[in-house]
Amino acid sequence: MLLISGVSERLTASRLALTATVVSLALFATGVGPRPAGELWAAFYDLGLYNAVYAGAAVVCLLAARRPGPDRLAWAALATAIVLGIVGNLVYSLAIAPMEEEPFPSVADLFYLGYYLPLYVALVALIRTRVSRFHASMWLDGVVGALGAGAVSVAVMLGPALELTEGDLAAVVTSLAYPIVDVVLLALLVAVGAILGVRRDRTLLLLAGAILANLAGDIVFLDLATQGIYLEGGPLDLTWLTAVTLMAVAAHTGERLGRETAAPTARVGWRVLAVPLACNVASLVVLGFDAGTRFNPAAAWLAVGCVLAALARVAITFREVRAFNEVREQARTDELTGLPNRRSLFEQATSALSTASAGRPAALLLLDLDGFKEVNDSLGHHAGDHLLRQIGPRLLPALRGGDLLARLGGDEFAVLLPDASLDEAEALAGRLRELILRPVTVEGIRLHVGVSIGVASAPVPAATVEELLRCADIAMYAAKSSRSGVQVYVPDPRGGTGDRLRTMEDLRTALERDDQIEVHLQPQVDLRDGAVVGAEALVRWRHPVRGLLSPAELLPAAEQAGLLRPLADAVLDLALTAAAGWWPEREVPVSVNLSAADVTDLDLPGKVAQALVRHGLPARALTLELVEDTLMNDPERGRRVLGELRRLGVRTSIDDYGTGYSSLAYLRHLPADELKLDRSLTHDLGTDRRAGAIIRHTVALAHDLGISVVAEGVEDGDTATALTDLGCDVAQGFAIARPMPVGDFRTWLSAPHGCVVDRAGS
């Protein structure tokens, strides 16, 4: 409140001082010409009112200098200049003018000349608050403006004054000083305009008006003084009083206007060129009319300097334009491959879609390399970069002239086909896939990499670039999951792209919250005695609109959105939180499923160890499950990760065993503690003799390797009995219990349970 009160008081005082300044100027103007007789009236007009205008303006500037803001130095400098003007006026009126013969130069001239130095400081301070960083082109614009203004002012206005070189040395120096400081002030003012460009900065415009009024008064005064006919208190004095009044107005309104001009203005267009161009043209005119004799030589030299500075400005402009084009090109080019990047693809795709129609559609191919991560991990990133650089030269010859091949990032590429049907795009995708499948030599090693390509078209079904990319992305993931190589996006009749995309975005939001992703637990029991030996954590999504969603609805959206890893992290944390609720009273471990991305994540063991410590659980409280096909994609890396997990004491389980194509001999190298037989084997156990034979031999082999066997999909007691007879260790399925929320599972866990085989036989 005190700060607000202080600011309000200063504004009120500034308003009063400005009012006094304007009133004093108006009263003085009424006295110009015939005046009432008497020395008192003359002193009142010539000394009192004249200096009252100066004094009021000085007070306004001083109050402005006390306000917080970037222009404080400028207002303080203006106040100093005006005070020096007052002192000079008083010295001249009270001491110099009454003398019978006025000395020249006098002490008053010292103050009058000193008046200009703070004006220079004020102009420089104002431009510093409006330009945060000076470029070479800005400096040159200022030099062009200053030299051009100097050439014109010397040639047209101040030339005769500059030629007064006869008489006493002090008088000559003082006589020359006045036009020189005026020329410098005008040059500095024009330089400010050249640097900032033509802009609506009322503070600067008011000061420019003040300086021009001051210059006009000085020019006329020099002419009259040279002729010896200057009369104090005449109409000419109004020019200087108008100048200080405009300074006061600028200072008073500067706080409000400072907010308007605080934002930097882009130096582009005619606003920047106007002042330098006008000054350069004026300099050429001076040179054209001069012919070496008409004007003062200083005008010609200033004009020559202006033209040379303008030529340097042209050179700087060419360099800036070239640098701008290089930056623009770099902003649209992938640094590694030299291909267009995502920004360039978006720009050209936007242009292509603007002309696309049902008769002349556009298409987009989205390519994602298969096996690229293994190249990076095995041979290093430099080998991966070498591989990526070979994609462009391999694919570009197969494209048409108007097609665009771009790298989106990582191992993702895109091909934009501005005028291509869906069939043409699919055919081209097939040819590009064949080119990529050809062997490539990297680091002296012959390699094969695959590619999954998604194809989408516009304007149907995708009307925008974003939709086109999303459709191609969905098709690419479908091609990757089905291993078909190329997949064309076809809208799902049960739900459009928008529904699928909304699901993916909703999942991103759900993973950032604590109340939507949850786990349900399904018990695992020992087939021999019915003891609860584990629980599998199955993810559920409690969607705010669609209700509870199963993994079948959740996991595809997570895979397409690239959220499998964060989803697995969330499930791991929820599962360990649940296990911590019954551990150590009931040492029942919890099982969590891993995705392919998790199994090949070398950071996984460290993250698991930190999670166990965070929940205060031992390593034996956790079992991690993975699908056997996941290991087949990168067996060496998978074995390494599983081996580190086992060294931590975490049990590992091969889920859905029997659904893939891995050899039984592979079990010899598999660092696993448990095999989970898929429900497709256990479901037909009672009716298919071969299913029983497969289970019997698998169990025998697993036991010989020290691996326990869990049977999934046990839905009745007869199946449980048969599995017991075949030697299975653990059962999981509806015959025991359905998946249930964590709270229900803890209640179920505390209830007594008999052996599932005994119950089936009773």
Side-chain angles (χ1 to χ4, degrees), residues 17 20-21 24-25 27-29 31-32 35 38-62 76-122 161 164 167-182 184-185 210-211 213-245 247-248:
T21 302
S24 299
L25 174 63
L27 290 175
F28 184 86
V32 173
R35 300 179 183 176
E39 295 183 0
L40 184 61
W41 280 108
F44 173 73
Y45 278 98
D46 296 339
L47 187 62
L49 286 179
Y50 188 89
N51 289 291
V53 177
Y54 273 77
V59 171
V60 174
C61 292
L62 286 172
L78 279 181
T80 303
I82 295 173
V83 169
L84 289 173
I86 294 175
V87 175
N89 293 335
L90 293 175
V91 170
Y92 178 80
S93 299
L94 298 177
I96 305 300
M99 295 182 179
E100 293 183 2
E101 184 177 349
E102 296 183 10
F104 183 79
S106 67
V107 177
D109 292 305
L110 180 64
F111 291 102
Y112 286 144
L113 290 173
Y115 166 85
Y116 288 90
L117 183 59
L119 284 183
Y120 302 152
V121 174
L164 296 176
D168 181 68
L169 178 62
V172 170
V173 170
T174 305
S175 298
L176 291 175
Y178 279 105
I180 289 174
V181 294
D182 280 327
V184 173
L185 184 60
I211 291 173
N214 194 86
L215 287 173
D218 285 350
I219 292 170
V220 176
F221 170 77
L222 285 173
D223 184 58
L224 296 178
T226 302
Q227 302 177 45
I229 58 175
Y230 168 70
L231 179 64
E232 184 181 3
L236 180 61
D237 291 351
L238 289 175
T239 58
W240 296 306
L241 296 181
T242 301
V244 295
T245 303
M247 293 178 190

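Numbers here are sequence positions counted from 1.
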Taking only residues two or more places apart in sequence or in another chain, which ones pass ring pair (Phe, Tyr, Trp, His ring centres under 6.0 Å) with Y112? none
So which heavy atom on A52 is nearest to which on S24, and how close? CB-OG, 3.6 Å
Of all heavy-atom pairs between A210 and M247, which one has the smallest distance, and what is that distance? CB-CG, 3.7 Å
Name all residues meeting the side-chain hydrogen bond (donor to acceptor under 3.5 Å, both in side chains) criterion together with Y116; count only those two or more places apart in sequence or in a different chain, and write none if there are none. D182, D218
For V91 and A108, work out which heavy atoms get closest and say how close. CG1-N, 3.9 Å
State, yes or no, whether a side-chain contact exists between C61 and I82 at a heavy-atom distance under 4.5 Å. yes
Minimum heavy-atom distance V244-A57, with the two atoms named: O-CB, 3.4 Å
To check you understand the geometry: which heavy-atom pair defines the closest contact between A248 and V60, and what is its length? O-CG1, 3.2 Å
So among T245, L241, T21, V87, which one has a side chain to side chain contact (heavy atoms under 4.5 Å, CB included) with Y54? L241
Separation of N51 CG from N89 CG (nearest 0.5 Å): 4.5 Å
Atom pair OH/CG of Y115 and L84 - distance to nearest 0.5 Å: 10.0 Å
